[in-house]
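Inspection log for the structure reproduced underneath, given as structure tokens.
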Amino acid sequence: MKTDNIRTRFAPSPTGFMHIGNLRTALYTFIIAKKYGGKFILRIEDTDQERFVEGAAGAVYKTLKDCGLYWDEGPDVGGPYAPYIQSERTGVYREYALKLIESGNAYFCFCTKERMEKVHEQQKADGITPAYDRHCRDLNPEEVKKLLDNNTPYVIRQKVPLEGETIFRDELFGEITVPNKDLDDQILLKQDGMPTYNFANVIDDHLMDITHIVRGREYLSSTPKYNLLYEAFGWESPCYIHVEQIMRDASHKLSKRDGDAYFGDFVEAGYHIPAILNYIALLGWSPKGENEIYSLDELINEFSIDGLSKSPSIFDPVKMKAINAEWLRRMPHDEFKSLVLPYIKKNCKRDDIDFDVLVRTLQPRTELFTDIPEKVDFIDTLPGYNNDLYFNKKMKTSPETAAEALKAVLPVLEGISEEGWNEENIHAALFAEIERLGVKNGWLLWPVRVALSGKALTPGGGVELAAVIGREESLNRIRKGIEKLV
RNA sequence: GGCCCGUUGGUCAAGCGGUUAAGACGCCGCCCUUUCACGGCGGAAUCAUGGGUUCGAUUCCCGUACGGGUCACCA
């Protein structure tokens with residue numbers, strides 16, 4: 001594969017939010033360009049006026065930017081091949097379609113949609129693959145001129161050779177050969193003057209000097225027709241890389257209708273953006289080594305086309321969550337803290353607590369950012385709890401032993417001053433008491449946890465909890481615990 | 001249905017003629033531990049199928065089954 005002066009493009013049609021499968025294609029496209037020091041171009045394919053969705057292009061820009069997939073050329077940033085929005089390039093397509101007619105590789109077709117519907121119906125009834133019946137393919141020039149002069153509506157169709165075969169090469173799938181007789185005389189220019197995707201994309205890719213076409217696998221079977229177009233123009237065809245789809249299960253692709261398949265949904269669900277990219281990169285591509293955690297830069301480094309899979313992969317939310325959790329655990333404390341603080345604040349209005357201890361205990365226990373609010377809901381106010389929480393088989397504790405333990409703990413904690421109230425001192429004091437009493441750690445600490453949080457599952461144990469919520473609140477809660485127990 | 005493509009544990013997957021068929025997630029067990037989690041150790045679990053080719057096939061070829069894609073004036 002040639003890797004000099006690579007230019008790749010991501011060419012979405014703006015019909016809504018960015019689907020995760022689309023994003024993955026964009027990611028691979030970006031990576032391939034960057035890996036070889038090439039350019040990544042964004043082009044908006046909005047030739048279907050009926051499907052136009054207001055603001056959808058903006059959503060594409062935002063998602064790409066949020067992910068760090070910055071484009072070198074595109075609608076908003078411009079570039080030497082502007083414009084990058086197809087609806088602003090319509091003149092170009094018409095010009096090239098006409099050239100094709102001149103060279104005998106395309107023709108005017110005056111068939112109406114109604115006629116085509118009938119033809120297709122009949123073909124289906126006859127058990128034939130529906131295709132254009134080439135009714136207008138060999139109209140004589142005078143006839144064509146007459147119809148044109150009368151302003152008869154028309155489309156322009158590709159004149160596919162009746163015989164022979166078309167061979168093209170895909171970097172992943174290898175050489176693919178298709179008999180020309182199986183190829184339809186597809187429409188290049190629609191009646192409204194707009195090009196079809198099939199045409200516009202070939203013209204633009206060539207005009208914009210795109211060298212590597214990375215796109216979904218669904219385009220694999222139309223590629224021979226594109227290649228025929230390149231040949232008709234005498235253009236060199238690009239390097240094709242068709243990437244397989246992401247599935248919901250073995251037989252359904254992950255569709256937008258499944259919900260939660262949009263990039264934004266994952267962000268909202270508490271995923272860290274680099275982890276999302278990391279996971280989807282791994283869905284359908286496998287690195288050489290055994291590491292699975294990659295930043296975007298590392299992906300660019302590690303990426304190799306031969307690691308791409310030729311079969312569809314099933315999206316696994318469990319694995320995705322695990323990748324996210326791993327990202328969170330590996331994150332430097334301060335970064336984690338700044339990302340997580342807004343989630344803490346949702347359920348915790350106090351600002352006099354020890355955030356460092358809290359965040360540190362939270363970090364290994366968090367899979368998604370959205371796990372956080374529920375984990376810190378005991379800080380502002382002690383939730384009501386049942387004394388049965390003091391039962392812990394492994395710690396050999398019960399409400400009775402807890403009363404004893406808390407009574408022993410109270411004076412010890414009272415002995416720590418406001419200034420000296422920190423994790424280290426609390427730990428030292430409590431463990432000294434444990435030693436003095438000759439009890440197991442848990443015998444003393446489990447009741448502290450319960451009394452301080454009212455929960456069995458908390459970020460950190462008794463020592464950390466005390467450090468987090470502070471001296472006054474800790475002592476209050478211990479006293480309250482004792483009261484509740486006697 | 002025609003054409004094109006694919007098929008390794010539950011999932012993601014490595015493998016590219018000879019391997020005890022990696023690794024990860026998940027699952028199970030054990031250890032560590034102030035619970036949970038983290039961490040550590042171990043375990044169960046895979047080459048769709050039938051023929052070839054070959055001294056030898058997960059790997060190469062053909063068929064079958066299954067799955068996907070495509071067959072629009074959508075992209």
Side-chain angles (χ1 to χ4, degrees), chain A residues 11-13 15 45-48 50-51 109 111-113 116-117 120 124 127-131 153 155 157 170 172-174 176-179 181-184 186-192 194-198 200-201 215-224 242 244-245 247 249-253 279 282-292 306-307 309-323 325-326 329 361-367 389 392 394-395 397 430-431 434 440-450 455-465:
Chain A
S13 66
T15 54
E45 309 221 327
D46 58 346
T47 56
D48 185 359
E50 286 174 24
R51 292 211 308 172
C109 166
C111 295
T112 61
K113 285 185 194 178
M116 288 321 301
E117 269 168 38
H120 288 162
K124 274 183 211 162
I128 305 171
T129 303
V155 300
R157 285 184 185 272
D170 178 274
L172 251 185
F173 292 98
I176 292 172
T177 306
V178 179
K181 67 173 174 52
D182 293 332
L183 268 20
D184 193 15
Q186 64 175 345
I187 291 176
L188 268 19
L189 213 64
K190 300 185 254 187
Q191 207 174 86
D192 64 3
M194 284 293 215
T196 57
Y197 163 86
N198 298 308
N201 119 316
R215 50 152 81 119
R217 164 61 195 286
E218 64 270 27
Y219 297 105
L220 192 65
S221 33
S222 26
T223 302
H242 288 91
E244 263 297 354
Q245 306 201 294
M247 311 291 283
D249 56 48
S251 53
H252 303 272
K253 69 175 176 180
Y279 176 68
L282 252 25
L283 247 197
W285 171 75
S286 79
K288 293 275 187 281
E290 282 181 1
N291 177 37
E292 281 194 319
D306 57 26
S309 174
K310 280 191 273 191
S311 48
S313 359
I314 298 173
F315 183 86
D316 181 3
V318 177
K319 174 84 179 188
M320 187 181 188
K321 203 191 268 191
I323 295 280
E326 188 60 30
R329 276 179 234 128
T361 58
L362 240 23
Q363 193 162 357
R365 275 163 251 258
T366 305
E367 290 189 300
L389 272 185
N392 186 306
K394 207 167 157 194
M395 302 299 128
T397 59
L430 254 23
F431 274 76
I434 285 166
K440 287 190 67 172
N441 298 345
W443 185 89
L444 193 84
L445 293 167
W446 177 255
V448 174
R449 170 207 303 278
V450 173
K455 305 169 86 173
L457 302 184
T458 56
V463 172
E464 290 85 356
L465 294 177

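All of these numbers come straight from a predicted model, not from anything done at the bench.
At the heavy-atom level, A:E50 lies nowhere under 4.0 Å from the strands shown. Among the protein residues, A:T129 comes within range of the nucleic acid bases, having at least one heavy atom under 4.0 Å from a base atom. Among the protein residues, A:G127 comes within range of no part of the nucleic acid, since none of its heavy atoms lies under 4.0 Å from any strand. Using a 4.0 Å heavy-atom distance criterion, A:M395 is classed as a sugar-phosphate-only contact. A:E45 comes within 4.0 angstrom of sugar-phosphate atoms only, judged by non-hydrogen atoms across all strands, and of no base. Across all strands, A:I187 comes closer than 4.0 Å to base atoms (heavy-atom distances). Heavy atoms of A:Y219 sit under 4.0 angstrom from at least one base atom. Using a 4.0 Å heavy-atom distance criterion, A:V318 is classed as a sugar-phosphate-only contact. Using a 4.0 Å heavy-atom distance criterion, A:G284 is classed as a sugar-phosphate-only contact. If you check every strand for non-hydrogen atoms under 4.0 Å, A:C109 touches nothing. Across all strands shown, A:K113 has heavy atoms under 4.0 Å from base atoms, whether or not it also approaches the sugar-phosphate. Contacts of A:I176 with the nucleic acid, taken as non-hydrogen atoms under 4.0 Å apart, involve only primed sugar atoms and P, OP1 or OP2. Nucleic acid contact class of A:T366 (heavy atoms, under 4.0 Å, all strands): none. A:V448 comes within 4.0 angstrom of nothing in the nucleic acid, heavy atoms only.
Comparing B:G17 with B:C61, their P atoms sit 12 Å apart, to the nearest whole Å. Taking the P atoms as reference points, B:U19 lies 23 Å from B:A24, given to the whole Å. Using C1' as the reference atom, B:C16 and B:C47 are 14 Å apart when rounded to the nearest Å. B:A45 sits 25 Å from B:G50 when the C1' atoms are compared, rounded to a whole Å. Here, B:C4 and B:A21 have their P atoms 36 Å apart, quoted to the whole Å. Spacing between B:C5 and B:C55 at atom P, rounded to whole Å, works out to 31 Å. Rounded to whole Å, the C1' atom of B:U54 lies 25 Å from the corresponding atom of B:U46. Rounded to the nearest Å, the gap between the P atom of B:U58 and that of B:C73 is 48 Å.
Summarising the geometry, the separation between CG on A:L457 and C1' on B:C36 is reported as 5 Å, rounded to the nearest angstrom. Atom CZ in A:F173 sits about 19 Å away from atom P in B:C3, given to the nearest Å. Computed from coordinates, the A:D184 CG to B:A72 C1' distance equals 9 Å when rounded to whole Å. Look at NE2 on A:H242: it is 15 Å from C1' on B:G6, rounded to the nearest Å. Between the C1' atom of B:C32 and the CG atom of A:N441 lies a distance of 13 Å, rounded to the nearest Å. A:L183 has its CG atom 16 Å from the P atom of B:U70, to the nearest Å. Between the CG atom of A:D48 and the P atom of B:A75 there is a distance of 5 Å, rounded to whole Å. At whole-Å resolution of the value, CG in A:L189 and C1' in B:C74 are 16 Å apart.
Closest to the side chain of A:K253, out of B:C5, B:G69, B:A75, is B:G69. The side chain of A:A322 approaches B:G26 more closely than any other nucleotide in the set B:A37, B:G26, B:A75. Taking only side-chain atoms of A:P364, from C-beta outward, the nucleotide of B:U34, B:C3, B:C38 with the closest atom is B:C38. For A:E218, counting side-chain heavy atoms from C-beta on, the closest listed nucleotide (B:U34, B:G69, B:A37) is B:G69. The side chain of A:S313 has B:A13 as its nearest neighbour among B:U11, B:A13, B:C4. With B:U34, B:G68, B:A72 as the choices, the nucleotide that has an atom nearest any side-chain atom of A:F431 turns out to be B:U34. Distance from the side chain of A:D182 is smallest to B:C3 among B:C74, B:C12, B:C3. Nearest nucleotide to the side chain of A:R365, out of B:A72, B:A37, B:G23: B:A37. Out of B:U11, B:C25, B:U34, the shortest distance to the side chain of A:K319 is found at B:C25. Side-chain proximity of A:N198 to the nucleotides B:G39, B:G6, B:A75 is greatest for B:A75.
Within the structure, a side-chain polar atom (N or O) of A:K190 is placed less than 4.0 Å from OP1 or OP2 of B:A75. At least one side-chain nitrogen or oxygen of A:R329 sits closer than 4.0 Å to the OP1 or OP2 atom of B:G39. Taking 4.0 angstrom as the limit, A:S311 places none of its side-chain polar atoms (N or O) nearer than this to OP1 or OP2 of B:G68. In terms of phosphate contacts, A:S286 brings a side-chain nitrogen or oxygen within less than 4.0 Å of OP1 or OP2 of B:A14.
Nucleotides of RNA chain B nearest to A:H252 and A:V463 differ in position, and the one nearer the 5' end is that of A:V463. Annotation: of the two residues near RNA chain B, A:M247 and A:E464, the 5′-most nearest-nucleotide partner is A:E464.
Not counting sequence neighbours, the partners of A:T458 by the side-chain hydrogen bond (donor to acceptor under 3.5 Å, both in side chains) test are A:R449.
A:Y279 places a side-chain N or O within donor-acceptor distance of the main-chain N or O of A:D316, the cut-off being under 3.5 Å. Side-chain atoms of A:N392 come within 3.5 Å of backbone atoms of A:K394 as a donor-acceptor pair (strictly under, hydrogens ignored). A donor-acceptor pair under 3.5 Å is absent between the side-chain atoms of A:W446 and the main chain of A:N441, judged by distance alone.
Searching all strands for a Watson-Crick or G-U wobble partner of B:U7 with both distances below 3.5 Å returns B:A65. With a 3.5 Å ceiling on both atom-pair distances, B:A72 lacks any Watson-Crick or G-U wobble partner. Of the nucleotides present, B:G29 is the one that pairs with B:C41 by Watson-Crick or G-U wobble criteria, both distances under 3.5 Å. Checking B:C47 for Watson-Crick or G-U wobble geometry (two distances, each under 3.5 Å) identifies no partner in any strand.
How far CG of A:L220 is from CD of A:E244: 8.5 Å, rounded to the nearest 0.5 Å.
Taking a 6.0 Å sphere around NZ of A:K190, one finds it holds more than 12 heavy atoms contributed by other residues, nucleotides or ligands. Other residues, nucleotides and ligands contribute more than 12 heavy atoms inside 6.0 Å of the NZ atom of A:K288.
Residue-to-nucleotide contacts include no donor-acceptor pair under 3.5 Å from the side chain of A:K394 to the base of B:U34.
Nearest heavy atom pair, residue A:A250 against residue A:I314, reads N-CD1, 3.7 Å.
Between A:E292 and A:K319 there is a salt bridge, since a side-chain N of the basic residue sits under 4.0 Å from a carboxylate O of the acidic one. Checked for salt-bridge contact, A:R51 and A:D48 meet the test: a charged N lies under 4.0 Å from a carboxylate O.
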